[in-house]
2 protein chains.
Amino acid sequence: MAKKRYTIKDVARMAGVSVSTVSLVINKKGPVSEETRRKVLHAVHKLDYHPRRVAQGLASQKTGNIGFILTDDHFSLVEPFYTKIFLGTEVEARKYGYYIILTTVPNQFSKEHIPRFLLERNVDGVIMAGRVPEKLIAYIRDMGLPVTLVDYYNRRQKTAAILIDNIEGAYQAVTHLIELGHKKIGFVGGDLSHPSISDRLTGFKKAMEEHGLPIVPEWVITTERNTSVPSGYQAMNTLLKSGELPTAIFACNDAMAIGCLRRLKESGIRVPDQIALIGFDDIDAALQMEPRLSTIHVYKERMGALAMQQMASMLENGEQSTEKVLVPVELVIRESTARKAD
Amino acid sequence: MAKKRYTIKDVARMAGVSVSTVSLVINKKGPVSEETRRKVLHAVHKLDYHPRRVAQGLASQKTGNIGFILTDDHFSLVEPFYTKIFLGTEVEARKYGYYIILTTVPNQFSKEHIPRFLLERNVDGVIMAGRVPEKLIAYIRDMGLPVTLVDYYNRRQKTAAILIDNIEGAYQAVTHLIELGHKKIGFVGGDLSHPSISDRLTGFKKAMEEHGLPIVPEWVITTERNTSVPSGYQAMNTLLKSGELPTAIFACNDAMAIGCLRRLKESGIRVPDQIALIGFDDIDAALQMEPRLSTIHVYKERMGALAMQQMASMLENGEQSTEKVLVPVELVIRESTARKAD
DNA sequence: AAATAGGATCGAAACGTTTCGATCAAAGTT
DNA sequence: AACTTTGATCGAAACGTTTCGATCCTATTT
């Protein structure tokens, strides 16, 4: 039943040329006469020949695979944020003829967690999304493999990266609130050591300052350890206990915004009537909320695709790029933000 | 900077044995004296040697890769149902030393969409999740590759499969409604040609009959083309127009249940007070609803893992299994179902 | 003591490509 | 007319393993 698969030899025989000539034609290298090219391609077609990846790999010392690394918590998250980035990469990879091998590593990374595809030299390059262990980045760079980071950037490692325009996004979100007439605006964030979060805070401050609005320290919550729904809930809790409330809140991501929303509902505070709320990321859940969440849309699939493009060009040039691509975002106005009631 | 990677030759030299002996030790084949085994393993360790996958692949005619195929719409769906199955497979694959290569194919499948990893013979077996083109299954079987289906099963193709216990799940859901005192129960489904959906209808009928309750044709909606949120919305619409309403509804999946809920809210009908509602699948969104959706939990990651196990054993025995594994489900009672008000 | 069996080890072929250097013919240069 | 360049093609080595059959040694059987 299993059909016989032809090899390059069969093609060569059929076309009446040598094996190496067939290889040249297939890989579009070296000069080949129009005549032989035709003959070869005809034979290829006739036999439905496809070179075996594994053989190409051994001979050319390229596997044709790209590793895609996420940390455990990023992938197991309810929100398919990084999953979408992955998908974008996967689809783009196909265009280039690469395979993507996905793996996750624990946040508490140590030597024995080194992905097998690195040990076995089974990838030509690595794309990593989200905050990823420092050591791992260094290890891969050390192997001489090109690296692209997505949605993360570390000042010390000189790698290529695809980044959300966090400052601009936050700026837009806060400006939106200001244009709705809000003057008392709070920031809900966490873990400022993460570059994305601190950038979003920067954007917040920039918008406030440019419009001559005061930044009230009690309304800037940055004590939460992470940026999950429960953290948002907690942060809102803190805010509620601190006397006067702001009239609008910019949460550093949708997950935290959802946490805030939940806490506000429990206190019977109406969104957006009493407090306007805007998030960041535009995860799927933002659309499920009541009210539906205004947010900053992030083009996740696009980011994944861009990472693959960057990787492909590094693979072509054979050198590690340090280019940082800033991907624009888009303000999405839904129901959780409204003109300030007076 | 790029560290030199050692090959099996280096290990052989260091251990003072032949290359073939090293191979025997590493792969735990053939008889090797304890003495040499020690020497070899010591050298392996010392040099941090790992065989290159690509070389093993060529020599052994096994790639070490498993293909994972989804249809486009399954992967781009908002609900990460199949994504979770994929994740389960991926984690399990690591234990066995396999890599997973993910790809999607269009629903309208034709010859030119054959995944590249098949043409290039870059996988040892294929796992497919969800409803998948008939032709593709046949093609792969034809290549002599083992196949496992997840959450889909076609009577004509004799393949292994990991299946949700749909009949039992539906039976439990409906029985739950009956135990709450409901007698007028509706079914919201679509596309009965899909085995999962028709099985869920079977479970519905079984529960109704066993409890001596009538199945009212007007309350059994099976006219929708698919099982999405909008279809659920539409189905509810139909139900609303048909005179008397049931007091409880079993939707064949959570997506449709969400659609129903949305429509009910628009009409100001309270769930669960006026109508109890239960879904199936336990997707993430079920937890986000207000009220939170009662449903039948499906162990998605587990199903993915089981598929990998099945694949591994087929790869070991070198033969296509036709075993069907029925994975149990679990009733999850949340807020959308309540005792019938009288 | 010779014959046999079995365990341990090894050399070499094979897997299916790419790629490098060699060869040869035709065209261009002096 | 001799020499050089260029284009087309090819043969063979190389990639790093696995695996098969051969060989050698030791222990067992007769």
Side-chain angles (χ1 to χ4, degrees), chain A residues 4-41 43-44 47-65 97 116-117 119-124 315 318, chain B residues 4-41 43-44 47-65 97 116-117 119-124 315 318:
Chain A
K4 154 117 177 97
R5 280 282 154 164
Y6 297 101
T7 73
I8 199 172
K9 275 187 192 168
D10 300 311
V11 176
R13 195 176 310 122
M14 182 167 182
V17 299
S18 76
V19 161
S20 32
T21 301
V22 175
S23 177
L24 292 180
V25 170
I26 289 175
N27 298 299
K28 300 191 177 66
K29 293 192 179 170
V32 180
S33 73
E34 197 45 48
E35 166 74 0
T36 39
R37 152 175 280 98
R38 263 203 328 88
K39 281 192 300 185
V40 169
L41 289 180
V44 165
L47 299 179
D48 192 26
Y49 167 75
H50 297 267
R52 302 206 190 176
R53 197 75 216 212
V54 84
Q56 289 184 306
L58 186 56
S60 66
Q61 300 287 72
K62 319 237 142 131
T63 64
N65 301 326
R116 202 161 41 88
F117 58 56
L119 298 175
E120 293 179 339
R121 300 244 128 180
N122 202 14
V123 295
D124 299 335
L315 254 19
Chain B
K4 153 119 176 96
R5 280 280 155 167
Y6 298 102
T7 74
I8 200 171
K9 276 189 191 168
D10 300 311
V11 177
R13 196 177 309 123
M14 183 168 182
V17 298
S18 76
V19 161
S20 33
T21 302
V22 175
S23 176
L24 291 179
V25 171
I26 289 174
N27 297 300
K28 299 191 178 66
K29 293 192 180 171
V32 180
S33 73
E34 198 44 49
E35 167 74 1
T36 38
R37 152 175 279 98
R38 263 202 329 87
K39 281 191 302 186
V40 169
L41 290 180
V44 165
L47 299 179
D48 192 26
Y49 167 74
H50 296 267
R52 301 205 191 178
R53 198 74 213 216
V54 83
Q56 291 185 304
L58 186 55
S60 67
Q61 299 286 71
K62 321 235 142 132
T63 64
N65 301 327
R116 202 162 40 89
F117 58 57
L119 299 174
E120 294 179 339
R121 300 244 126 180
N122 202 14
V123 294
D124 299 336
L315 255 18

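Order of the sequence lines fixes the chain letters, A, B, ..., with proteins taken first and strands second; residue numbering starts at 1 for each chain.
Residue-to-nucleotide contacts include a donor-acceptor pair under 3.5 Å from the side chain of B:S20 to the base of C:dG11.
In this model, the phosphate group of C:dC10 is approached by a side-chain N or O of B:S18 to a distance below 4.0 Å at OP1 or OP2. Put simply, A:Q61 has no side-chain N or O that comes within less than 4.0 Å of OP1 or OP2 on D:dC15. At the phosphate of D:dT17, OP1 or OP2 sits under 4.0 Å from a side-chain N or O atom of B:Y49. Dashed line: the shortest gap from a side-chain N or O of B:K29 to OP1 or OP2 of D:dT19 is under 4.0 Å.
Using a 4.0 Å heavy-atom distance criterion, A:P51 is classed as a sugar-phosphate-only contact. Among the protein residues, A:V17 comes within range of the sugar-phosphate backbone only, with heavy atoms under 4.0 Å from sugar or phosphate atoms but none that close to a base. Within the 4.0 angstrom heavy-atom criterion, base atoms lie near A:S23. The residue A:K9 sits apart from the nucleic acid: no heavy atom pair falls under 4.0 Å.
The two residues A:V40 and A:V11 make their nearest non-hydrogen contact at O-CG1, 4.2 Å.
Between B:G30 and B:A59, it is B:G30 whose nearest contact on DNA chain C lies nearer the 5' terminus.
Using a distance-only test at 3.5 Å, with no hydrogens or angles considered, no donor-acceptor pair links the side chain of B:R52 to the main chain of A:R121.
Of the candidate nucleotides D:dT18, D:dG16, D:dT9, D:dT18 has the atom lying nearest to any side-chain atom of B:Q56. The side chain of B:T36 lies closest to C:dT9, out of C:dT9, C:dT17, D:dG16.
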